Number of protein chains: 2
Amino acid sequence: MAAVEAPEDRIFAALASPVRREVLRLLREEGPQPVQRLAGHFDMARPSFSEHLKVLREAGLVSERKVGRQRLYRLEAVPLNEVQEWLSPFERFWREKLTGLRDLLDSMDEERHER
Amino acid sequence: MAAVEAPEDRIFAALASPVRREVLRLLREEGPQPVQRLAGHFDMARPSFSEHLKVLREAGLVSERKVGRQRLYRLEAVPLNEVQEWLSPFERFWREKLTGLRDLLDSMDEERHER
DNA sequence: GTGACAGGTAGGAAATTTCCTACCTATAGT
DNA sequence: ACTATAGGTAGGAAATTTCCTACCTGTCAC
């Protein structure tokens, strides 16, 4: 039985694959493009790639528009806002750590100059 | 054969499970705690839960410290910075969506593929 | 029309993930 | 030393994911 999953779950699951993250990056950097051009970056049979697109579609992270016999995929970044929102309460935890690390490195630097 | 995966891959993969995301939230909100207390929130056999902790450990998202016969797990938020960094180039896209600017840029991009 | 091209779905093999029960180790209390 | 507790590992079943080849549909070019 396929559990009813929150939209958030589908987004995080979609991002779990390096292939799918790369597709999103390509759409961001190069704008909307047909499947053909996206697929060129991956060493994979076309139907396999199609499946990845489906996962992204169902997570709402891309949309598709037919143009002639091509399908133009484009980034739908809005759902990524949910990831951002999940992440942000953690932010102060790593900022404190990173700051602490910088302080540590700074103090080690000082020691080198002290002798 | 298990492919050599980037640390980033392990982090995103770890976040793909709602159980593991919830564990991270609990550690963030309630501080370091033993397995027992964390496990209480999930309807799952203990060894299954142990596996989830292992995934989080191997992603570097939690650390463990022995205290008597308990093991205190604590949040290690720093690796989440990588998620933030992956995410941030996308941020302007969902912000622009609100201004309507993005749609204009996309339609200009699309023309390049239309003939 | 016929052929070629873009890209999807169908069905299945293989790998991975998720969960289980059974068992092991280490520590604490008596 | 004995028992109970905390939490891990081992091994395996079931579900899911990832990839494949084969095939179908829709559109363009002739």
Side-chain angles (χ1 to χ4, degrees), chain A residues 1-6 8-24 26-27 32-59 61-74, chain B residues 1-6 8-24 26-27 30 32-59 61-74 110 112-115:
Chain A
M1 176 143 76
V4 178
E5 57 174 14
E8 198 186 76
D9 290 352
R10 269 209 280 251
I11 295 164
F12 276 100
L15 296 183
S17 155
V19 170
R20 293 189 295 260
R21 287 199 306 278
E22 177 67 2
V23 168
L24 295 179
L26 287 164
L27 291 175
Q33 41 192 305
V35 176
Q36 207 180 15
R37 186 166 151 206
L38 286 169
H41 293 83
F42 304 93
D43 181 23
M44 177 185 301
R46 196 58 60 84
S48 308
F49 187 66
S50 239
E51 287 293 321
H52 283 294
L53 290 178
K54 188 183 200 170
V55 172
L56 287 170
R57 247 168 20 232
E58 290 177 348
L61 289 165
V62 300
S63 64
E64 170 207 38
R65 189 166 71 87
K66 293 180 67 169
V67 176
R69 58 184 142 175
Q70 311 197 119
R71 297 186 195 194
L72 230 53
Y73 273 79
R74 87 164 157 194
Chain B
M1 174 127 106
V4 179
E5 58 174 11
E8 197 185 81
D9 290 353
R10 269 210 278 252
I11 295 164
F12 276 100
L15 296 183
S17 154
V19 169
R20 294 190 292 259
R21 287 198 308 278
E22 176 68 2
V23 168
L24 294 178
L26 287 165
L27 290 175
E30 304 178 2
Q33 40 192 306
V35 176
Q36 206 180 15
R37 185 164 150 208
L38 286 170
H41 294 84
F42 303 94
D43 181 22
M44 177 184 304
R46 196 59 59 85
S48 309
F49 187 66
S50 240
E51 287 292 322
H52 284 294
L53 290 178
K54 189 183 201 171
V55 172
L56 288 169
R57 243 165 27 230
E58 291 177 348
L61 289 165
V62 300
S63 63
E64 168 207 40
R65 187 167 70 87
K66 292 181 65 168
V67 175
R69 59 184 143 176
Q70 311 198 119
R71 298 184 195 195
L72 230 53
Y73 274 78
R74 98 164 43 225
E110 284 167 13
R112 296 201 321 242
H113 301 293
E114 268 172 14
R115 60 204 77 215

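Chain letters run A, B, ... following the sequence lines, proteins first, then strands; residues in each count from 1. Note that the structure is predicted; figures quoted are calculated from it, not measured.
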Please determine if a side-chain N or O atom of [X] lies less than 4.0 Å away from the OP1 or OP2 oxygen of [N].
X	N	value
Arg20(B)	dT18(C)	yes
Lys66(B)	dA26(C)	no
Ser50(B)	dG7(D)	no
Gln36(A)	dA6(C)	yes
His52(B)	dT17(C)	no

In whole angstrom, what separates [X]'s [atom1] from [N]'s [atom2]?
X	N	atom1	atom2	result
Leu38(B)	dG7(D)	CG	C1'	12 Å
Gln70(B)	dG29(C)	CD	P	11 Å
Leu56(B)	dT17(C)	CG	C1'	14 Å
Arg46(B)	dT5(D)	CZ	P	12 Å
Lys54(B)	dT17(C)	NZ	P	12 Å
Asp9(B)	dT17(C)	CG	C1'	16 Å
Phe49(B)	dA6(D)	CZ	P	14 Å
Glu51(B)	dG12(D)	CD	P	15 Å

Open item on the list: Main chain of Ala14(A), side chain of Arg20(A): is a donor-acceptor contact present, judged purely on distance under 3.5 Å?
Closed with: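 Such a contact is found between Arg20(A) side chain and Ala14(A) backbone.
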Task: Flag, side chain of Arg21(A) to backbone of Leu15(A), donor-acceptor distance under 3.5 Å - done: yes
TODO: Classify the nucleic acid contact of Tyr73(A) as base, sugar-phosphate or nothing, counting any heavy atom under 4.0 Å across all strands shown.
DONE: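 Touches sugar-phosphate only.
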TODO: Would you mind classifying the nucleic acid contact of Pro47(A) as base, sugar-phosphate or nothing, using non-hydrogen atoms under 4.0 angstrom?
DONE: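 Base contact.
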Which one, [options], comes nearest to the side chain of [X]?
X	options	result
Arg69(B)	dT9(D), dG7(C), dA28(C)	dA28(C)
Ala45(A)	dT9(C), dT21(D), dG7(C)	dT21(D)
Arg71(A)	dT21(C), dG8(C), dG7(D)	dG8(C)
Ser17(A)	dT18(D), dG7(C), dT9(D)	dT18(D)
Met44(B)	dA6(C), dG7(D), dC20(C)	dC20(C)

Open item on the list: Measuring only between side-chain heavy atoms, which start at C-beta, is Leu26(B) closer than 4.5 Å to Arg37(B)?
Closed with: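 No - every pair of side-chain heavy atoms lies 4.5 Å or more apart.
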Task: Sub-4.5 Å side-chain heavy-atom contact between Val19(B) and Met44(B) - done: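 Val19(B) reaches Met44(B) side chain to side chain.
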TODO: Can you see which heavy atom on Tyr73(A) is nearest to which on Leu27(A), and at what distance?
DONE: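 For Tyr73(A) versus Leu27(A), the nearest heavy atoms are O-CD2, 3.4 Å.
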